[in-house]
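Note: hydrogens, waters and symmetry copies are ignored here, and every other heavy atom, side chains too, is used.
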Amino acid sequence: MNSAAKEVFFILKSRLNHHAHLLNHHRTIVKVRLKWVKNRGLDHIIDVQTDLKAACLLKNAIVRSPSGYLTSKSLADSHKLLGLTVPTLRFIRRFPTLFEEFPHPKYPSMPCFKLTHVAKVLHDQEMKVFDDVQSDLMQRLSRVLMMSKNRMVPLESLHQLKWDLGLPDDFDRNFIKKFPENFVVVRGGSNGSPCLKLLKWEDHFAVSELQKMNNKDESGGNTDTTSVYRQFRKGKSALEFPMSFPRGYGAQKKVKAWMDEFQNLPYISPYEDSSGIDPNSDLMEKWVVGVLHEFLSLTLYKKTKRNYLRSLREEMNLPHRFTRIFTRYPGIFYLSMKCKTTTVALRDGYRRGRLANPHPLTRHRDKFHHVMRTGLVYRSKGLDILPQLDAVENDPGEEEEIDDNDDDGGGNSDECYKSGSSDSDEEDD
């Protein structure tokens, strides 16, 4: 038997032993109940992006409108769809650098809103960014579908997530048509609803962000399959999740012992079949943590609303009440109640209140926020205070730096008056 055949034999034998271990692994870890601790840095980011997302959705609605503007009547009942708790009319008037108010051509008493020249320039730039990163967005969307059990997800769920995943506003009509070999829309939902189905499985997509991080740390940036097998041959099958505990938690002996035992469990990729894992085992819990970690890693801001994840529970083959994972592992996830909704963030996605690896789309959205904030501060004078358009094209805007490790347990006050849909489910974390 030559060396190549021996290597293949060893890998197959190890895999069989590994999966046999999965079937017999039961719960042995004793959990430690941890108190929720507020993180001002991550809460601040969620606060800012609530306004940013609502303004971008309004911008897209105006672009879609045949007339090129929206009337106050059409905006009357849209605050919930935009994630606001104040009337949309009051919100849109706060940002005159983006939205220009004028009387209706036929009904002068009816206010209308169109995009300012600066907003149109920003939109054109955004379309160019989408063209530049469409291959990356295709990969993100493919990986979400690859984690689902039937390789398909309802379009309704994806529409909720298009801001988080960076998908274009019309992704279900134009974007997926650019990749006919990868995606197709089918009637596959439980009630016959349209779903996006993956047609082509790419093996090199099925490498989780955690695997990439560990391979980069241990092999000097090499993330190919050979390095994965090399580590596997050395007997190292447990990859460790990066941890960033709230202040004071990491030093507790019980917490450290719990996390050490958890980290030593074998890591199973979220792209692998989980049907062979005991659903009541600690190993299944680590697999669920891996799935949630990978999904949040695929979002642009490393966060999303908890209810959006709940809508994908069946597609992702997640257990009931899986959202308890977020409070059980505060070193990996942060559960924010900011803006009267519940948002889940990945702690390792941020460094000192900033995204660790910002995406080109998030950099462009920083420009959009810069123009928004100028209008909020200076109101009608904002357009005069903004730099020239060529400067806006190159100015990413300013980003306030807040230490994301500045945790405190004080209170649950919510200064933000705007929010997404309330988490009214009966499940309580």
- Message: Thr299 vs Thr304, test: side-chain hydrogen bond (donor to acceptor under 3.5 Å, both in side chains). Steps then yes/no.
- Response: CA-CA 8 Å; Thr299 62; Thr304 191; over 6 Å; no
Of all heavy-atom pairs between [X] and [Y], which one has the smallest distance, and what is that distance?
X	Y	result
Arg347	Gly331	CD-O, 3.6 Å
Thr97	Val371	OG1-O, 2.6 Å
Met152	Glu315	O-CG, 3.8 Å
Asn317	Trp287	O-CZ3, 3.9 Å
Leu265	Lys286	O-NZ, 2.6 Å
Ala345	Leu296	C-CD1, 4.4 Å

Check whether any side-chain heavy atom of [X] sits under 4.5 Å from a side-chain heavy atom of [Y], and report yes or no.
X	Y	result
Asp43	Tyr334	yes
Pro242	Met213	yes
Thr342	Leu335	yes
Leu158	Phe171	yes
Val144	Phe295	yes
Met259	Ile332	no
Leu196	Leu155	yes
Ser274	Ile268	no

Output the distance between atom [atom1] ([X]) and atom [atom2] ([Y]), rounded to the nearest 0.5 Å.
X	Y	atom1	atom2	answer
Phe95	Arg373	CZ	CZ	11.5 Å
Leu145	Trp201	CG	CH2	10.5 Å
Leu137	Leu165	CG	CG	9.0 Å
Met138	Glu202	CE	CD	7.0 Å
Leu210	Leu239	CG	CG	5.5 Å
Thr343	Tyr308	OG1	OH	9.0 Å

- From CA spacing to verdict: salt bridge (charged side-chain N to carboxylate O under 4.0 Å, His left out), Lys120, Asp124: CA-CA 6 Å; Lys120 291 178 182 177; Asp124 292 340; over 6 Å; no
Is it the case that over 12 heavy atoms from other parts of the model lie below 6.0 angstrom from the [atom1] atom of [X]?
X	atom1	answer
Asn174	CG	yes
Lys177	NZ	no
Gln263	CD	yes
Lys128	NZ	no

- Message: Applying side-chain contact (heavy atoms from CB on, under 4.5 Å) to Phe113 and Leu89, what does each step give before you reach the verdict?
- Response: CA-CA 10 Å; Phe113 299 89; Leu89 194 60; 3.3 Å; yes
[X] side chain to [Y] main-chain N or O, any donor-acceptor pair under 3.5 Å?
X	Y	result
Asp170	Arg173	no
Lys114	Gly68	no
Ser65	Ala61	no

- Task: Check the angle between the aromatic planes of Phe241 and Phe262 and answer parallel, tilted or perpendicular using the 30° and 60° thresholds.
- Result: parallel
- Only one of Lys59, Arg365, His364, Lys367 clears side-chain hydrogen bond (donor to acceptor under 3.5 Å, both in side chains) with Glu126; which? Lys59
Under the side-chain contact (heavy atoms from CB on, under 4.5 Å) rule, collect the residues that match up with [X], sequence neighbours excluded.
X	result
Asn264	none
Ile62	Leu70, Phe99, Leu115
Glu294	Arg143, Met147, Ser208, Glu209, Pro270, Tyr271, Leu298

- Are Trp36 and Phe326 close enough that their ring centres sit under 6.0 Å apart? no
- Message: Walk me through whether Tyr350 and Ile45 qualify under side-chain contact (heavy atoms from CB on, under 4.5 Å).
- Response: CA-CA 10 Å; Tyr350 290 87; Ile45 292 171; 3.4 Å; yes
- Message: What I want to check is whether the side chains of Gln160 and Lys305 have a donor and an acceptor closer together than 3.5 Å.
- Response: no
- Query: Any chance the side chains of Ser78 and Thr88 put a donor and an acceptor closer than 3.5 Å?
  - Reply: yes
- Query: Hey, mind stepping through Asp282 and Glu261 against side-chain contact (heavy atoms from CB on, under 4.5 Å) and telling me if it holds?
  - Reply: CA-CA 10 Å; Asp282 294 316; Glu261 192 172 353; 5.7 Å; no
- Any chance you could lay out the side-chain contact (heavy atoms from CB on, under 4.5 Å) test for Asp278 and Met284, step after step, and finish with the verdict? CA-CA 6 Å; Asp278 181 353; Met284 171 57 82; over 6 Å; no
